[in-house]
**Student:** 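I am attaching a structure below and will ask some questions about it afterwards.
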Amino acid sequence: MPTRWQVEDARGRPVELAEAGWSHIIEHHRDDMAERESDIRLAVEAPDHVNADVDYAQREVCYRSLGRGRRFVRVVIHYQPVSPQGSWRGRIITAHLTFREKRGEVRLWP
Amino acid sequence: MAIKGRSSFTVAEPWAVPVWPSTAPTPADAELHYGVLADELVLRFPSPGGRATVSVAINTPEVDYVYVLADERTGAVLGIQVDNLRPSARRRHPAWGRLAQPRPPLTAVADFLTDVTALFRAYGAGDAPPADDGRPADSIRGD
């Protein structure tokens, strides 16, 4: 699966956006996110905060404000262990604009 | 809150007060996408392209799980998004599980639209208050 780019998240783990993940984002949120790839990247590298997903244990959710107003970029990352080192690698599975943290999520960072 | 020495201003956020379409969208015209990996469902109503939206949560009790896609400039609801469809279906709306199947029947899409319309009216979304239709919120199927 080709990778578009890879960055480190706020806790130093590698996170990638694969072409498949980007296709999903564009298909589901085309008019919102097509021009926001750099915001997605920033939300992973330098989030305002990171929450645990409500339902899936290996997912984390990064939020980054777009500045003026209440809009955030919300990026959902699925982490998997990397053998044999025991470290973790993340893959972006979706991203969209939203206006508040999802109620029910638990703060992980900072 | 105004910061001392600076003028305060109000940020126009029409998307924060979503407006449900006056004409009910028909299931046959809606565009349905389900992403298996993200477990995310998006249903788009017919609309001209190029209209950016913000996902605004319906103010269901305790947890956000269903959003309306509100036009950034007008607040018009252009679609629906469900995060983590499979757990949401298991816990709250068993019938929604059918939407994770390839080419779900139109009746499943129609039932979903009916359910989300009722949730929007009962709870509101973002800064939009519930619609006063006199129906108790607990009469909504599955919630």
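Just so it is clear, the structure is predicted and the values come from calculations on it, not from any experiment. Lettering of chains follows the sequences in order, A, B, ..., and the numbering in each one begins at 1. All heavy atoms count here, side chains included; hydrogens, waters and symmetry mates do not.
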**Student:** Between B/R44 and A/H28 (side chain of the first, backbone of the second, donor and acceptor by atom type, cut-off under 3.5 Å), is there such a pair?
**Tutor:** yes
**Student:** What part of A/H96 gets within 4.5 angstrom of chain B, counting heavy atoms only: side chain, backbone, both, or neither?
**Tutor:** side chain
**Student:** Considering only heavy atoms from C-beta outward, does the side chain of B/W15 approach that of A/R71 to under 4.5 Å?
**Tutor:** yes
**Student:** Checking B/Y67 against chain A: side chain, backbone, both or neither under 4.5 Å from a heavy atom?
**Tutor:** side chain
**Student:** Under a 4.0 Å threshold between the charged nitrogen and the carboxylate oxygen, would B/D83 count as salt-bridged to A/R74?
**Tutor:** yes
**Student:** Calculate, to the nearest 0.5 Å, the distance between atoms CG and CG belonging to B/D39 and A/D53 respectively.
**Tutor:** 9.5 Å
**Student:** Does any backbone or side-chain atom of A/E105 lie under 4.5 Å from a heavy atom of chain B? Answer side chain, backbone, both or neither.
**Tutor:** neither
**Student:** Roughly how far, to the nearest 0.5 Å, is CD1 of A/I93 from CD of B/E40?
**Tutor:** 8.5 Å
**Student:** Looking at A/R100 and B/A57, what are the two nearest heavy atoms and their distance?
**Tutor:** NH2-CB, 3.5 Å
**Student:** I need the residue from B/L41, B/V42, B/L69, B/T53 with the largest number of non-hydrogen atom pairs under 4.5 Å to chain A.
**Tutor:** B/T53
**Student:** How about CZ on A/R11, more than 12 heavy atoms from neighbouring residues, nucleotides or ligands closer than 6.0 Å, or not?
**Tutor:** yes
**Student:** Quick check: is A/Y63 connected to A/V44 through a chain of hydrophobic side chains (ILVMFWY, heavy atoms under 4.5 Å apart)?
**Tutor:** no
**Student:** Is there a path of hydrophobic side-chain contacts, each under 4.5 Å between heavy atoms of I, L, V, M, F, W or Y residues, that connects B/L113 with B/V56?
**Tutor:** yes
**Student:** Any sub-3.5 Å donor-acceptor pair from B/S55's side-chain atoms to A/T98's backbone N or O?
**Tutor:** no
**Student:** Would you confirm whether A/D55, through its side chain, and B/N84, through its main-chain N or O, come within 3.5 Å as a donor-acceptor pair?
**Tutor:** no
**Student:** For B/N59, which atoms come within 4.5 Å of any heavy atom of chain A: side chain, backbone, both, or neither?
**Tutor:** both
**Student:** Please state whether the side chain, the backbone, both or neither of A/H29 comes within less than 4.5 Å of a heavy atom of chain B.
**Tutor:** both
**Student:** At their closest point, which heavy atom of A/G104 faces which heavy atom of B/V63, and how far apart are they?
**Tutor:** CA-CG2, 4.4 Å
**Student:** For each of A/E101, A/H78, A/M33, A/E27, tally heavy-atom pairs with chain B at distances under 4.5 Å, and name the one with the top tally.
**Tutor:** A/E27
**Student:** I'd like to know if B/D64 pairs up with A/R103 as an ion pair, taking the criterion as any Lys NZ or Arg NE/NH1/NH2 lying under 4.0 Å from an Asp or Glu carboxylate oxygen.
**Tutor:** yes
**Student:** Side-chain heavy atoms nearer than 4.5 Å, only ILVMFWY residues, links allowed to pass through others: does that put B/I58 and B/V77 together?
**Tutor:** yes
**Student:** Would A/I77 and A/V7 show up in the same hydrophobic cluster when neighbours are defined by side-chain heavy atoms closer than 4.5 Å?
**Tutor:** yes
**Student:** Under 4.5 Å heavy-atom distance to chain A, tell me which part of B/E62 shows up: side chain, backbone, both or neither.
**Tutor:** backbone
**Student:** Taking the side chain as everything from C-beta on, heavy atoms only, tell me whether B/D127 gets closer than 4.5 Å to A/R70.
**Tutor:** yes
**Student:** Among the clusters formed by ILVMFWY side chains lying less than 4.5 Å apart, do B/L99 and B/L37 turn up in the same one?
**Tutor:** no
